[in-house]
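Values below: every heavy atom of this structure, side chains too, minus hydrogens, waters and symmetry copies.
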Number of protein chains: 2
Amino acid sequence: MEPENKGVRGSQLKNMIIKKLYFNKAMSCAGLSELFDKSIPSIAKAINELMHEGFVVEDGYAPSSGGRRPLMYSVKANAMYILAIALDQLTARIQLFDLLNNPVADMLTFELKLLNNSEALGQLLEQINIYIKQTDIPKDKIAGIGIGMPGFVNVTEGINYTYLDAGGQSLTEYFTDQTGIDTYIDNDSSLIALAEQKFGIAKAQKEVMVINLGWGIGLGMIVNGKLFRGHNGFAGELSHIPVTEDGALCECGKRGCLEAEASLLVVAQKAVAGIKQGRITSLKYNINDHSKLMGDAILEAANNGDQFAIELLSDAGYKIGKALAILVHIMNPAIIVLSGRGAKVAKILMAPIQQAIHKYCIPRLSAGTELLVSELGFDAELIGASVLVMENFDKSVKAKVSKAKKAIAK
Amino acid sequence: MEPENKGVRGSQLKNMIIKKLYFNKAMSCAGLSELFDKSIPSIAKAINELMHEGFVVEDGYAPSSGGRRPLMYSVKANAMYILAIALDQLTARIQLFDLLNNPVADMLTFELKLLNNSEALGQLLEQINIYIKQTDIPKDKIAGIGIGMPGFVNVTEGINYTYLDAGGQSLTEYFTDQTGIDTYIDNDSSLIALAEQKFGIAKAQKEVMVINLGWGIGLGMIVNGKLFRGHNGFAGELSHIPVTEDGALCECGKRGCLEAEASLLVVAQKAVAGIKQGRITSLKYNINDHSKLMGDAILEAANNGDQFAIELLSDAGYKIGKALAILVHIMNPAIIVLSGRGAKVAKILMAPIQQAIHKYCIPRLSAGTELLVSELGFDAELIGASVLVMENFDKSVKAKVSKAKKAIAK
DNA sequence: TAAAGTTTATAAAAATATAAATAAAGTATC
DNA sequence: GATACTTTATTTATATTTTTATAAACTTTA
C-alpha cells in the first residue's frame, strides 16, 4: 500500500532516531522532539513507522516529572547487528553485537601479524566471511562492519598508512565490496576513546582524553563531544612528547620521548636489564622470552606486589603524568581515562601519574580534570568499533543517495 | 499587510543567511540552498524578504561554471553595525564597523588599566555610551557589542575571572542592560584566532593555532572550524608548558615555563640586564623606563638590525618553537599563525621557530603544518570582536524567544 | 480531596516547504 | 553555428510539517 521509500527526508529522521536510541537506551517522543527540534507529531509518526518496521519497541513509562508520564521507546535489540573487529599488531578479534551491545555469537580470536604481512588483508577477509556465515545471520541484517587497527589511519579515505596496504586502494571500499556490508575503519586508540565516551566511564562527557596504554602509548581525543583527529588525522601523537632532557634515544631520532621512556615495551626492556644486573624480583627472565611476553609478566608481577615491577611501573607512570600535564594545559579536558592493556595496573600507575600532574600543572587546570580508569577494559576497542558503525548510521542514507547520483553521472 | 514576524522558523533561516553573507561576501541562491540543505524556492523567498527589509542586495553575476550564471547576493553594508572593543591590560580601543568590516567612525583609544581598578568597568561603559552617541547611529541598528579582553573568560556565563569584576554579575548582562545592545565577551587570544580564521591568513581553515605574542604568550585554538575553549574554558594555556629543564622561575612556581623564558616582558628584562652588563646595542636603558616601553623598543631595534635585540628575540623564538612542536604533536593543525604585538618582528622570529619545530617534531607532523604571519596585525582583536557578534547572530532569535518564555514562566 | 497546573499524546486545520515542470542563460560538442 | 548539455531561477501543484485545540495522565497546592 505505502511506498517502499518515503524519500531521503523522512528516513533521515528515522535513522537519526535509531542512532539516538542506540546510544541512549530509551527516549520519549517529547524528548526526541526537543532534541531534534521537530514537532511531536513528526516524531510520533516516525516512531510509529519504526515500530511497524521492527526497529523500535515500546519500553514502558518513565517516572513523571510533574505531568503525564512519557511512554519510552527503545531500539529493538535484534533489529540489526553490528560486526566489530579489533586488531592489534599480533591478534585479531571478531565479535557480532546486537543493538544493545550484547554479543550474539562467540568471539573469534586469531593470530594476525600486521607488520610486513602482505597476506594479512586476505586472511582477515576470509575470517570475517567465515564468521558471518557461521552466525547464520543474513548480511542485510548487519548494519555495518567496524574495524579498529593500530597505525596511522586516514578515516575519510579509509586507508591505513602503516599496516594493511591494499595497493593504495581504500580498505573500507575493499571490505565493503568483498563482504557486501558497509565497512568503517579507525585507529585503535580513537575507537577506545569513542567507547569510553559513549558507553564507558566518560559517558556523555564532551572533553575527554583517553590514554591507550599498550606496547606504545596511544591517545584518543574527544573534543566537543566528537572524535578529534587533526588536520591530517595525526592528532594525539603523545608518544613523541619530550618528558626528560637527553633521555633514551627514540626511534624518531629525538631523545626523551614519552614512548622511549615509559611504554610497556620499554618497561619490559628495563626489567630484562635489571634482572641481568641481579635485581631481586619474582620475574623470571628466559633468554628466549619475547619482550612482549615480559611486558605481560610485569603487569602480573606488579599486581602481585613485586617491588621491582612496581618500581619500574611507577617510574613510567610519573613520566606519563608529566606528558599528561602538558596535555591538560593545552586541552583542559574534563576527564582523562586510562585504558588499554596497561589499565589492569592502573591502581599502581594512578598515584605517580596524579602526582606528576599536580606537580607540573597550574592548579586551576589540574583541578578541572579528573583522572579515571577504564571499566570497559579489553572490550573497549570492540565496543568502539561497534560505535563507529552506528556513528555513521544516519549519514549512510544521504551518502548512498549522493554516491548513487555520482555513479549515474558517470 | 504582512505580519511583522513570520515566526522563529522563517527568521532563523534569514539570520543564517545574513550571517553567511557577512562571512562569505557574496553567494547565490543555489549555493545557499546546497549549504543549508533547503530548497531553492525557500532560499529565494528568504532572500527576497531580506532585500525588501534592506539587509541584502544583489551583487552582480558570478562567472558561469558551465550553465546559467548565478545572481549573487551580498549583505548590505549599512544594514546594521557592530561595535567592536579590544582591551589589553592598559589600553582600550572602540571601533564601529559596518557589515563589510569597514570602520564607520574614528577609532577611540583611551587608557584603561584593568589590574586592581574597580572603576574600569564603569569607565568602559561610559566611553561606550559616549562613542555610540557621537556616531549618531541609532542603537537598534547596532547588531551587538563584542569585547575582547585578557584574562580567564567564561564565555557562557559572561564572566572574566581575572579582570573587570562586576561583583559576580555577568559582564555580558551588565553591558547588555546598561547599553540596550546585546553584548558578547571573549578572551583576546581567542578573538584574534577567530579573526584570523574568518578574515585573516587562515581563512576557512578548520584546524588553526594562533599565537598571540604579547607581554605574555597567548594561544587561540580553532578546532574543527570553531573556537575551542576546553571543559572549563582554560584550554590553550601554552604559557606554562616547560621548554627548558630548570629554567627561570615562573610566577606559577614551576621552572622553565614558556612564558618565563620567552615572553616579550622577559625579553625586555633580559635586555635591561644585558645593557647593565655593558652589551653593545642601540637600545638605551633609562632607569625610569617601564619594561613594557623597553619591550616596544626591542621590537623597533630588532627591525632596525640591532644585533643584541635580534639575539634576544631569536632565543625567545627558539623556545616558542619548542612549545609549538609539542602543540603540533597534540593538535596536528593545518596552520599556525603568529599574531599579536610581536607579529611585527615575525620575520626575525620565523627562522628560529621553524628550526625548533623541525628539530622537535617528527617529520610527518611538521610537514602537515604551515607557519604563517598575521596580516591583520593589530586590527585582529577588533575584527575578532566583530566576528564574535556575528557568530552569535543566528542564535539570538531562538535564544531570545526561549529567554522570553522563561521570563514569562516566572 | 478537589482544583489548578504540568507534561505528554492525538487529531484536526493551517502554514510551510519541496518536487516537478518550465523557462532562462550560459557552455561544450560536433 | 546549430544542437545538446549544464546550471540557475521561477511557478505551480503536491507533500510535509507545524500550530492549534483537545484530551489524557499525573503532580502539586489550597
For the residue pair A:K206 and A:I222, establish whether any side-chain heavy-atom pair is separated by less than 4.5 Å. no
Ignoring backbone atoms, test whether B:R69 places a side-chain nitrogen or oxygen under 4.0 Å from the OP1 or OP2 oxygen of C:dG26. yes
Quick one: do B:E391 and B:K198 make a salt bridge, cutoff under 4.0 Å? yes
How many Å lie between NZ on B:K45 and P on D:dT12, as a whole number? 16 Å
Inspect the surroundings of CD in A:E34 and state if more than 12 heavy atoms from other residues, nucleotides or ligands are less than 6.0 Å away. no
Taking any heavy-atom pair under 4.0 Å as a contact, classify A:I40: base, sugar-phosphate, or nothing. base
Let me know the distance between NZ of B:K14 and C1' of C:dT16, rounded to the nearest Å. 14 Å
From CG of A:D37 over to P of D:dT16, roughly how many Å is that when rounded to an integer? 20 Å
Flag the pair A:D59 and A:K25 as a salt bridge only when some basic side-chain nitrogen lies within less than 4.0 angstrom of an acidic carboxylate oxygen. no
Just to be sure I understand the geometry, which residues of residues 23-32 of chain A put a non-hydrogen atom under 4.0 Å away from DNA chain C? A:C29, A:A30
Atom CG of B:N48 and atom P of C:dA17 are separated, to the nearest Å, by 14 Å
B:K38 side-chain N/O to C:dA17 phosphate OP1/OP2 under 4.0 Å: no
Base, sugar-phosphate, or nothing for B:P70, non-hydrogen atoms under 4.0 angstrom? sugar-phosphate
Go through D:dT18, C:dT7, D:dA9 for me and flag the one nearest to the B:L71 side chain. D:dA9
So A:S64, base contact, sugar-phosphate only, or nothing? Heavy-atom distance under 4.0 Å. sugar-phosphate
Answer yes or no: are there more than 12 heavy-atom neighbours, outside B:K139 itself, under 6.0 Å from its atom NZ? yes
Atom CD of B:E34 and atom C1' of D:dA9: how far apart are they, to the nearest Å? 16 Å
Between residues 50-58 of chain A and DNA chain C, which residues have a heavy-atom gap below 4.0 Å? none
Measuring centre to centre across the rings, with the benzene-like ring taken for any Trp, is B:Y22 within less than 6.0 Å of B:F199? yes
Donor-acceptor pair, distance only, cut-off 3.5 Å: does the side chain of B:E207 make one with the backbone of B:N224? yes
Among residues at least two apart in sequence or on other chains, which ones pass ring-ring contact (aromatic ring centres under 6.0 Å, His included) with A:Y81? none
Proximal nucleotide (of D:dT18, C:dT18, D:dT8) relative to the A:P41 side chain: D:dT18
Here's a test of your reading of the structure: between A:R68 and A:S42, which maps to the more 5' nucleotide of DNA chain D? A:S42
For A:N78 and A:D98, test the side chains for any donor-to-acceptor distance below 3.5 angstrom and give the result as yes or no. no
Are A:E196 and A:K203 close enough that some pair of their side-chain heavy atoms sits under 4.5 Å apart? no
Reckon A:S39 touches a base, only the sugar-phosphate, or nothing at all at heavy-atom distances under 4.0 Å? base
Between atom CG in B:L13 and atom P in C:dA15, what is the gap in whole Å? 20 Å
In whole Å, I'd like the distance from the CD1 atom of A:I43 to the P atom of C:dT8. 13 Å
